[in-house]
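To keep things clear, I will list the structure first and then write my remarks on it.
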Amino acid sequence: MYYLKVHKWMFASLSVAVSLIVLLNADVLMNWINEDKDGGFIIVFVLVVILAAVPGIPFGLVGGVIGAKYGLLWGSLINIAASTLAAALIYFLFRYLLNNLGTVWAERSTSFRKMNTFIKNHSFWSLLIARMIPIMPASLINMYAGVFGLPFPIFILSTLIGKIPIMLIFAYVGVNMHSGSGEWMTVLVIYALCLLIIYALYRLLNYKRR
């Protein structure tokens, strides 16, 4: 528990530090967003992947900046591709470096073992819901899936689908902040519709299994 608390404060501190850096360099960032040159796209994409992979960095800021720079469509696609690739890299990193750690944690706590069993029995929906309702940090989901060996096809598919709404929103917010339109209600409607569609699919599949 002490280990988790220390890392929680480390991630929170990193998040605050990155936010301050962005605010202090807002002019430089705006100049880059307003530039018409896109020659460094590959470098930008690799940088976004790295930022998405580092725990504690608020990817909402990154996704918003990318949306402001590349627009809603390309900004969303970049955010989805980069964050999904980063999730896969973290999954494999923890899958092969800390594979035995999951077994140790499960043996120490009965409640944790029960939770882990439930998630493994409902891997796709558990991961999809966790992605679409981002209460739990994305980096923690990636680490958990790797350490406890959740099937990679299920992990990557649920990650890809689950990231679409939130990454679309990040890009949309960035576009609106850049243009100054501030159409926040549209963001809420899009997000709510995505949640309703996923819930409807979940109920439909459960109904067919009965």
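This structure is a prediction, so every number in the text was calculated from the model and none was measured.
Side chain of Ser123 to main chain of Lys120: a donor-acceptor pair is present (N/O by atom type, distance under 3.5 Å, no hydrogens or angles).
A pairwise comparison of heavy atoms in Ala52 and Ala86 identifies CB-CB, 3.6 Å as the closest pair. The minimum heavy-atom distance linking Ala130 with Ile141 is given by the pair CB-CD1, 3.6 Å. Residues Pro55 and Met143 share a closest heavy-atom pair of CG-CE, 3.4 Å. When all heavy atoms of Gly149 and Arg95 are compared, the pair lying nearest together is CA-NE, 3.6 Å.
Side-chain contact between Asn142 and Leu93: absent, with no pair of heavy atoms (C-beta onward) separated by less than 4.5 Å. Side-chain contact between Lys69 and Trp74: absent, with no pair of heavy atoms (C-beta onward) separated by less than 4.5 Å. Proximity of Tyr70 to Leu77: side-chain heavy atoms (C-beta onward) are nowhere separated by under 4.5 Å.
Between the OH atom in Tyr144 and the OH atom in Tyr91 there is a gap of 11.5 Å [rounded to 0.5 Å]. The distance from the CD1 atom of Ile166 to the CG atom of Asn79 is 10.5 Å, given to the nearest 0.5 Å. Expressed to the nearest 0.5 Å, how far CD1 of Ile169 lies from CD1 of Ile164 amounts to 12.0 Å. Annotation: the span from Phe170 atom CZ to Ser83 atom OG amounts to 9.0 Å, rounded to 0.5 Å. Summarising the geometry, atom CD1 belonging to Ile66 is positioned 11.5 Å from atom CG belonging to Leu61; distances are rounded to the nearest 0.5 Å. Atom-to-atom distance recorded for Phe59:CZ and Ser139:OG is 12.5 Å, nearest 0.5 angstrom.
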Would you list the atom pairs, donor with acceptor, under 3.5 Å between side chains in residues 150-159 and any protein atom, with sequence neighbours excluded?
from, atom 1, to, atom 2, distance (Å)
Ser158, OG, Ile154, O, 2.8
Ser158, OG, Phe155, O, 3.0
Thr159, OG1, Arg131, NE, 3.3
Thr159, OG1, Arg131, NH2, 3.1
Thr159, OG1, Phe155, O, 2.6

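In the hydrophobic clustering of ILVMFWY residues, with side-chain heavy atoms under 4.5 Å counting as a link, Leu89 and Ile43 come out apart.
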>> Quick one, Ile119 with Phe148, criterion side chain to side chain contact (heavy atoms under 4.5 Å, CB included). Give me CA distance, side-chain angles, the key distance, then yes/no.
In response: CA-CA 10 Å; Ile119 292 175; Phe148 287 92; over 6 Å; no
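Phe118 CZ: 12 or fewer foreign heavy atoms inside a 6.0 Å radius.
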